[in-house]
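Chain naming here is simple, since letters A, B, ... match the order of the sequence lines and numbering starts at 1 in each. Just so we're clear, the structure is a prediction, and the values are computed from it rather than from any experiment. Values reported hereafter were calculated over all heavy atoms of this structure, with side chains retained and with hydrogens, waters and symmetry mates removed.
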Amino acid sequence: MQNVGHSYLSELNDIQRGAVEATEGPVMVIAGPGSGKTRVLTYRIAHLINIGVAPWNILALTFTNKAAREMKDRIEKVIGSGAHKVWAGTFHSLFSRILRVEAHRIGYPNDFSIYDTDDSKSLIREIIKSLNLDSKVYNVGAVRSRISTAKSNLMSPQAYAQNDDLLSLDKMNRRPMIFKIYELYVKKCKRAGAMDFDDLLLQMFNLLYKNPDNVRAKYQSQFSYVMVDEFQDTNSLQYEILKLLTVFDGSPHNVCIVGDDAQSIYSFRGATIENILQFEADFPAVQVYKLEQNYRSTNFIVDAANEVIGFNKKQIQKKIWTDNGDGRKIKVIKTMTDSEEGRRVADSIIEQKNRWHYANKDIAILYRTNAQSRVFEEHLRRHNIAYRIYGGLSFYQRKEIKDMIAYIRLCVNHKDDEALKRIINYPKRGIGKTTMEKLTKVADDNEISIWQVITQIELKGSHKRTIGGFINDIKEMQKRVMVEDAYKASLYISQKSGIIELLKADNTPEGKSRIENITALLDAIKEFVEDDEISPGEEAPEDKSLARFLQSISLMTDADQDTEQVDVVTLMSVHSAKGLEYKSVFVVGLEENLFPSYMSLSLPEQIEEERRLFYVAITRAEEMLTLTYANSRYQFGNMRFNDVSRFLEEIPESATDSTILTVKKDFPQPKILGNFKKVGAGRGALPQVDAGKFVASPITAIKEGVSVMHLKFGRGTVVSIDQRKVATIRFDQISDNPEKRIMLQYAKLQVLED
DNA sequence: GGGGGCTATGGGGGG
DNA sequence: CATAGCCCCC
């Protein structure tokens, strides 16, 4: 046994230490928020290495690259170098790395392309069209999600076509042909040598299940210790892969899963809590450790979290507790509009920084939907507070980057039809819609890729120049990819493609920033080539091909950037905040229809998932938690009025400092019917108006003394109107300065019949 | 047959 | 408010 002189075991409480030292056999760790889960995982890996397990025999699966990187960094701190040889990473990235070596065994090229969501959608759109189906009924997003769910449940197109439940459900939704779209989609992905995100899991499953050349045994023996983080977020497919790797004759069953049913927030992508229950059945004699002591937050926050999650019926019994002391009470901020919400949050941030000397990086603003970020961005900028937004459009989703990547993809894998379609006419080469439709038809009829079509048919007339030119360009680029390093080849591609030239012609600030982005991409490739680190488990020199670069970036998201280095306020969705913690957290937009989302209102189990999401949100806070909501906000381009979120009302009054929360459960909850509901009377909210049905009255109808409804300020009475058609209106709901001067020319006013 | 501008529609969370 | 599909002009 090595002794690295690190007393890591003494830094753990009894239960944590138990989980770390239980290295043999199946282990389940139920870990409440802030209970030192990451510490247990990393120390467990460090401990394994310490007692003589080779790092490359350890497989640690996480859900985000960030979690994986953090884990590796922390292992390194405990055991020194060698940490990077642990196979730690996301399911998708580690499996794609394995498939990069093994894919040829199951009929894919090792240089397979990875289709992102846009590629998938574009392909599905094309299929819907080719089947002459109504694209309004067959919503691509909905179809894609059906296919994704099918794959996550190991439902092949053939099985789908024979499953009466699925077929009748589709029929009920007026989309009976989904099974056919699914079949064609799988066929076309395969033909293009492409895997979508689900395939990275599904084909890994196929590889192990079909077991060509007895490849399964290789990985079963390599990964003698397996750990899965955030197990509550695994879907059936991921669980089946886990079993293929760890359940076999003579297996030591050294599997450790870590999770928290109360933080399960990904059922929309097929995650199922059943996996936790199933685990106990599939791995008998599992040792269970429950981490309930919270080291992160103060008592008011922990209390609120326990209270809120108590409203859920489905849960494993557990209660988190802390001895961190009561701390500061939870603050609730109510505002009239979303814009005011932005201002108040920015003001509070300044106040908190002054009062408690918080740095920007101690503070996070968490919202339910990425679209909410805009108002906060505006006000933070106005106050000169540095911030960074996560999620939304990541670098690799920018158009110019995707264009450039598409060229590289086509060079690496010429069968990649989605890449080809993206750039065959960008920059403009005179290859339009009609030509593409014909080429696609030929490709479909012969079951070959479009590249094969254009390189095999005889080009006639103008096509000789247009398509011929494209083929020559790509072939030139391919040559460079073969003989030059990834950086030089992509530099050549950027010029030869004409992208650089095209963007240089655009002198707008957007055009300039696009050039900068292309340069940044090229720099990233250069860095990739020059990086001398070796990837987990690999003994051979690192593969520096463009193919591997593509693989590494296709799984990258914005959330993977490092936050700690720079002093900025963090803005992100609650989903991407999972696993993170901040001294001060703002959870914003706490309104019905938003949080909980209007999409989830009709199903109780979806409401419960929203509640777990809220639980995740509030347990990110260490010292200070601020909850905000707005009476009105712009949603879908219209002003909407939403009630205060039920979740806010579930927070115990004793934990808040608020006198603002006067409207507790005095009013009956209106019935919610899935769609936007009318704003109820009372509640201290704005008066009755259905924003959806709001009709502005003509100027002539606005007269002195009439009652009017204003979309932002609510009900009011016209006091006077001057010659310039400016009305002075006294609004019932505005406490300070109730009289506003409204320009009738632009005003959105509706006369109320009393 | 290709390109560009306009209208209509839909709109959650993420690997 | 962004994108897709449509229509019109070259």
Side-chain angles (χ1 to χ4, degrees), chain A residues 61-68 89-96 114-122 125-126 128-129 134-136 139-142 144-145 148 151-152 195-202 230 233-235 237-238 264-271 366-372 374 390-394 396-397 399 424-438 461-463 466 551 553-560 572-578 589 593-601 606 609-610 612-614 616-617 634-638 640 675-676:
Chain A
L61 296 161
T62 65
F63 273 79
T64 62
N65 294 316
K66 191 170 182 165
T90 63
F91 281 87
H92 290 86
S93 71
L94 292 183
F95 292 169
S96 106
I114 296 176
Y115 276 1
D116 66 14
T117 310
D118 289 341
D119 296 319
S120 297
K121 281 186 174 172
S122 135
R125 196 171 289 124
E126 181 190 289
I128 290 171
K129 216 171 186 180
D134 184 349
S135 62
K136 287 186 188 89
N139 173 296
V140 263
R144 193 197 74 93
S145 119
S148 174
K151 286 185 174 182
S152 303
M195 298 193 198
D196 65 14
F197 288 138
D198 299 310
D199 279 327
L200 295 178
L201 307 179
L202 184 58
E230 310 282 13
D233 290 333
T234 51
N235 59 34
L237 176 52
Q238 285 163 320
S264 158
I265 55 174
Y266 282 105
S267 76
F268 71 90
R269 65 178 200 215
L366 308 181
Y367 33 74
R368 178 64 180 83
T369 66
N370 286 312
Q372 286 164 257
R374 218 203 71 242
Y390 292 84
L393 212 55
S394 97
Y396 291 103
Q397 290 174 313
K399 184 195 175 303
I424 192 166
N425 200 31
Y426 180 84
K428 296 266 180 296
R429 293 187 177 86
I431 306 165
K433 215 173 71 181
T434 319
T435 308
M436 282 315 289
E437 268 164 19
K438 283 183 189 162
S462 64
H463 289 151
T466 56
Q551 176 217 323
I553 59 161
S554 55
L555 299 168
M556 200 115 69
T557 62
D558 229 26
D560 297 322
M572 57 168 60
S573 71
V574 181
H575 278 93
S576 39
K578 189 152 73 132
N593 295 319
L594 186 61
F595 199 175
S597 158
Y598 67 99
M599 310 277 287
S600 65
L601 294 180
Q606 289 191 9
E609 175 146 320
E610 296 280 315
R612 291 193 293 270
L613 190 59
F614 183 60
V616 167
Y634 275 102
Q635 242 175 323
F636 311 135
N638 287 314
R640 297 275 179 182
N675 217 327
F676 287 99

Query raised in the report: Just checking A:Y266: base, sugar-phosphate only, or nothing, at a heavy-atom cut-off of under 4.0 Å?
Result: sugar-phosphate
Query raised in the report: In whole angstroms, how far is the P atom of B:dG13 from the CZ atom of A:F63?
Result: 19 Å
Report task. With heavy atoms under 4.0 Å as the rule, sort A:K121 into base, sugar-phosphate or nothing. Result -> nothing
Query raised in the report: More than 12 heavy atoms of other residues, nucleotides or ligands under 6.0 Å from CZ of A:R374: is that the case?
Result: no
Query raised in the report: If you measure only the distance, is there a donor-acceptor pair under 3.5 Å linking the side chains of A:S573 and A:S576?
Result: yes
Requested in this report: Could you please name the option among B:dG2, B:dG12, B:dG13 that lies closest to any side-chain atom of A:T435?
Outcome: B:dG2
Query raised in the report: Looking just at side-chain N and O atoms, do A:S93 and A:S96 make a donor-acceptor pair shorter than 3.5 Å?
Result: no
Query raised in the report: In which ranges does DNA chain B form stems of 3 or more consecutive Watson-Crick or G-U pairs, distances under 3.5 Å?
Result: B:1-10 with C:1-10
**Report entry** Contact interval (first through last nucleotide) of DNA chain C with protein chain A, 4.0 Å heavy-atom
**Finding:** C:dC1 to C:dG5
Requested in this report: Step by step, work out the side chain to side chain donor-acceptor pair (under 3.5 Å) result for A:T369 and A:Q372.
Outcome: CA-CA 6 Å; A:T369 66; A:Q372 286 164 257; 3.0 Å; yes
Requested in this report: Examine B:dG12: is either OP1 or OP2 under 4.0 Å from a nitrogen or oxygen in the side chain of A:S597? Give yes or no.
Outcome: no
Query raised in the report: Under 3.5 Å, is there an N or O donor on one side and an acceptor on the other linking the side chain of A:E610 and the base of B:dG12?
Result: yes
Report task. Tell me what A:Q372 touches on the nucleic acid: a base, only sugar-phosphate, or nothing, going by heavy atoms under 4.0 Å. Result -> nothing
Query raised in the report: Rounded to whole angstrom units, what separation is found between the CD atom of A:E437 and the P atom of B:dG3?
Result: 14 Å
Query raised in the report: How would you label the contact of A:R144 with the nucleic acid (heavy atoms, under 4.0 Å): base, sugar-phosphate, or nothing?
Result: base
Query - A:F268 ring center within less than 6.0 Å of A:H575 ring center - result: yes
Report summary line: Among B:dG3, B:dG14, B:dG12, the one nearest any side-chain atom of A:S573 is B:dG14
Query raised in the report: Hey, does the side chain of A:S576 come within less than 4.0 Å of B:dG14's phosphate (OP1/OP2), counting only N and O?
Result: yes
Query raised in the report: With sugar-phosphate meaning primed atoms plus P, OP1 and OP2, does A:T117 contact a base, only sugar-phosphate, or nothing at under 4.0 Å between heavy atoms?
Result: base
Report task. Measure the distance from CZ on A:R269 to P on B:dG12 and round it to the nearest whole Å. Result -> 17 Å
Query raised in the report: Does a side-chain N-to-carboxylate-O contact under 4.0 Å join A:D196 and A:K151?
Result: yes
**Report entry** Within 45° cone of A:Y266 ring axis and under 6.0 Å: A:K578 NZ or CZ
**Finding:** no
Requested in this report: Please determine, for the side chain of A:D198, which listed nucleotide (B:dG13, B:dG12, B:dG15) has the closest atom?
Outcome: B:dG15
Query raised in the report: Closest heavy-atom contact between A:G589 and A:L594?
Result: O-CD2, 3.5 Å
Report summary line: Between A:G432 and A:E609, the residue closer to the 5' end of DNA chain B by nearest nucleotide is A:G432
Query raised in the report: Between B:dG11 and A:N139, is there an OP1 or OP2 to side-chain N/O distance shorter than 4.0 Å?
Result: yes
Query raised in the report: Would A:E126 and A:K129 pass as an ion pair if we require N to O under 4.0 Å?
Result: no
Requested in this report: Would you state whether a donor and an acceptor, one from the side chain of A:N370 and one from the base of B:dG12, lie under 3.5 Å apart?
Outcome: no
Report task. Report the distance from atom CZ of A:R429 to atom C1' of B:dG3, rounded to the nearest whole Å. Result -> 16 Å
Query raised in the report: Are the ring of A:F268 and the base ring of B:dG13 both nearer than 5.5 Å at their centres and tilted by less than 30°?
Result: yes
Requested in this report: Check whether any side-chain heavy atom of A:L61 lies under 4.5 Å from a side-chain heavy atom of A:L94, and answer yes or no.
Outcome: yes
Query - Pairwise 5' ranking along DNA chain B for A:S267 and A:N425, keeping only the more 5' one - result: A:N425
Query - Spacing between A:M195 atom CE and B:dG15 atom C1', to the nearest angstrom - result: 15 Å
Requested in this report: Would you please test A:S148 and A:S145 for side chain to side chain donor-acceptor pair (under 3.5 Å) and show each step?
Outcome: CA-CA 5 Å; A:S148 174; A:S145 119; over 6 Å; no
**Report entry** Under 4.0 angstrom between A:K578 side-chain N/O and B:dG13 OP1 or OP2
**Finding:** no
Requested in this report: Output, in order, the C-alpha distance, side-chain angles, deciding distance and verdict of side-chain contact (heavy atoms from CB on, under 4.5 Å) for A:V574 and A:F595.
Outcome: CA-CA 10 Å; A:V574 181; A:F595 199 175; 4.0 Å; yes
Query raised in the report: Can you tell me how far C1' of B:dG15 sits from CG of A:D119, to the nearest Å?
Result: 14 Å
Query raised in the report: Heavy atoms under 4.0 Å, any strand shown: does A:R368 hit a base, just sugar-phosphate, or nothing?
Result: base
**Report entry** Rounded distance in Å - CE (A:M599) to C1' (B:dG11)
**Finding:** 9 Å
Report summary line: When rounded to whole Å, the CD1 to P distance for the pair A:I265 and B:dG14 reads 9 Å
Requested in this report: Compare the minimum distances between each of B:dG1, B:dG15, B:dG12 and the side chain of A:T90, then state the nucleotide with the smallest one.
Outcome: B:dG15
Report task. Hey, which sits more toward the 5' end of DNA chain C by its nearest nucleotide, A:R374 or A:K433? Result -> A:R374
